[in-house]
Peer 1: 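This is the structure I want to talk about, given as structure tokens.
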Amino acid sequence: MHRETHAASRIGWLRAAILGANDGIVSTASLIAGVAAAGASASTILVTGTAGLVAGAMSMAAGEYVSVSSQGDAEKADIAKEKRELATVPDLELEELTQIYQQRGLDRPLAEQVAVQLTAHNALDSHLRDELGLTSELAARPIQAAAASAASFTVGAALPLAIVLLITGPSLPWIVSAASLLFLAVLGALGAWAGKAPIARAVLRVSFWGAVAMGVTMAIGSLFGTTVG
């Protein structure tokens, strides 16, 4: 049997991982660049970046868990509803499945035959897949999403934070921003490759919005530092 690997099978953890890493790089780099542009000391910048890493990772994990759990609750409600309908009005459910296949291009006799055979094989699975679009590959997995998001945020945030350990001085905001744009470009390319999407577009997208975020934060930090000074 010919087996194929599709990007859809990775969509759950891939979305959370890309979001976490992107947020980790952008938020931490922006925080470091903004504080450094305001004239903070090296120790203050390091503590601020570390706090941002820890808080951001916990926030991402909690946010992913709550949001994906809500998705899971909705899926469970739909599954329970389908089970009730299959138990109480099986004829109507069979007709509903038949009409779905007709809308997809089958003629009435063939649609009825397919609906009857799939219902006999696994009625619930057929309705979840063809009526609601619910599959095992796309099912909500809160713990997986939370872990992937927190881990990827931590890795992403550690990249600009490591630069603070290597470089100090007035050039730090610019160096952190430039390096973070490079990190974002690599992340965009990896995400596009894993998702089998156009790489150039993904790189441009993440780099552009990362540059905007860091530029605005640096401007605010510089203004704040000038005002305080």
Side-chain angles (χ1 to χ4, degrees), residues 13-68 145-195 197-229:
W13 65 263
L14 180 61
R15 181 195 63 82
I18 294 298
L19 175 62
N22 181 83
D23 196 18
I25 295 172
V26 173
S27 62
T28 305
S30 298
L31 189 61
I32 291 172
V35 173
S41 64
S43 59
T44 299
I45 296 171
L46 183 60
V47 170
T48 301
T50 303
L53 183 154
V54 175
M58 295 300 99
S59 176
M60 289 294 292
E64 281 291 331
Y65 184 82
V66 170
S67 63
V68 178
S149 184
S152 59
F153 183 97
T154 300
V155 172
L159 296 175
L161 189 59
I163 297 176
V164 180
L165 300 174
L166 302 174
I167 299 172
T168 58
S171 61
L172 178 61
W174 299 103
I175 295 176
V176 167
S177 298
S180 296
L181 286 177
L182 177 61
F183 299 148
L184 287 172
V186 173
L187 174 65
L190 289 175
W193 173 78
I199 292 179
R201 183 172 61 189
V203 170
L204 179 62
R205 182 170 55 219
V206 298
S207 300
F208 173 77
W209 289 110
V212 170
M214 287 181 281
V216 171
T217 309
M218 284 178 60
I220 294 174
S222 298
L223 179 62
F224 181 79
T226 301
T227 303
V228 173

Peer 1: Could you tell me if the side chain of Met214 sits less than 4.5 Å from the side chain of Leu181, heavy atoms only?
Peer 2: yes

Peer 1: Working to the nearest 0.5 angstrom, can you tell me the gap between Leu161 CG and Thr154 OG1?
Peer 2: 11.0 Å

Peer 1: Any side chain to side chain donor-acceptor pair (under 3.5 Å) involving residues 39-58? Give me the pairs, sequence neighbours left out, ordered by first then second residue.
Peer 2: Ser41-Ser43, Ser41-Thr44

Peer 1: Which atom pair, heavy atoms only, marks the closest approach of Ala150 to Ala57?
Peer 2: CB-O, 3.7 Å

Peer 1: CG of Leu184 to CG of Leu159: how many Å apart, nearest 0.5 Å?
Peer 2: 9.5 Å

Peer 1: How long is the span from the CD1 atom in Ile45 to the CG atom in Leu172, to the nearest 0.5 Å?
Peer 2: 5.0 Å

Peer 1: May I have the step-by-step check of side-chain contact (heavy atoms from CB on, under 4.5 Å) for Leu31 and Thr217, ending in yes or no?
Peer 2: CA-CA 7 Å; Leu31 189 61; Thr217 309; over 6 Å; no

Peer 1: So which heavy atom on Pro173 is nearest to which on Ala36, and how close?
Peer 2: CG-CB, 3.6 Å

Peer 1: Which heavy atom of Ser180 sits nearest a heavy atom of Pro160, and at what distance?
Peer 2: OG-CB, 3.6 Å

Peer 1: With a 4.5 Å cut-off on side-chain heavy atoms, are Phe153 and Ser59 touching?
Peer 2: no

Peer 1: Looking at every non-hydrogen atom in both residues, tell me the closest pair between Thr28 and Gly49 and how far apart they are.
Peer 2: CG2-O, 4.2 Å

Peer 1: Is the shortest heavy-atom distance from the side chain of Val206 to the side chain of Leu187 under 4.5 Å?
Peer 2: no

Peer 1: For Ala158 versus Leu53, what's the shortest heavy-atom pair and its separation?
Peer 2: N-CD1, 3.8 Å

Peer 1: Show the nearest heavy-atom pair for residues Ala185 and Val203, with the distance to one decimal.
Peer 2: O-CG2, 3.4 Å

Peer 1: Determine yes or no for a side-chain-to-main-chain donor-acceptor pair under 3.5 angstrom, with Ser67 supplying the side chain and Gly63 the backbone.
Peer 2: yes

Peer 1: Return the CZ to CD1 distance between Phe183 and Ile25, rounded to the nearest 0.5 Å.
Peer 2: 7.5 Å

Peer 1: Rounded to the nearest 0.5 Å, how far apart are OG of Ser27 and CG of Asn22?
Peer 2: 9.0 Å

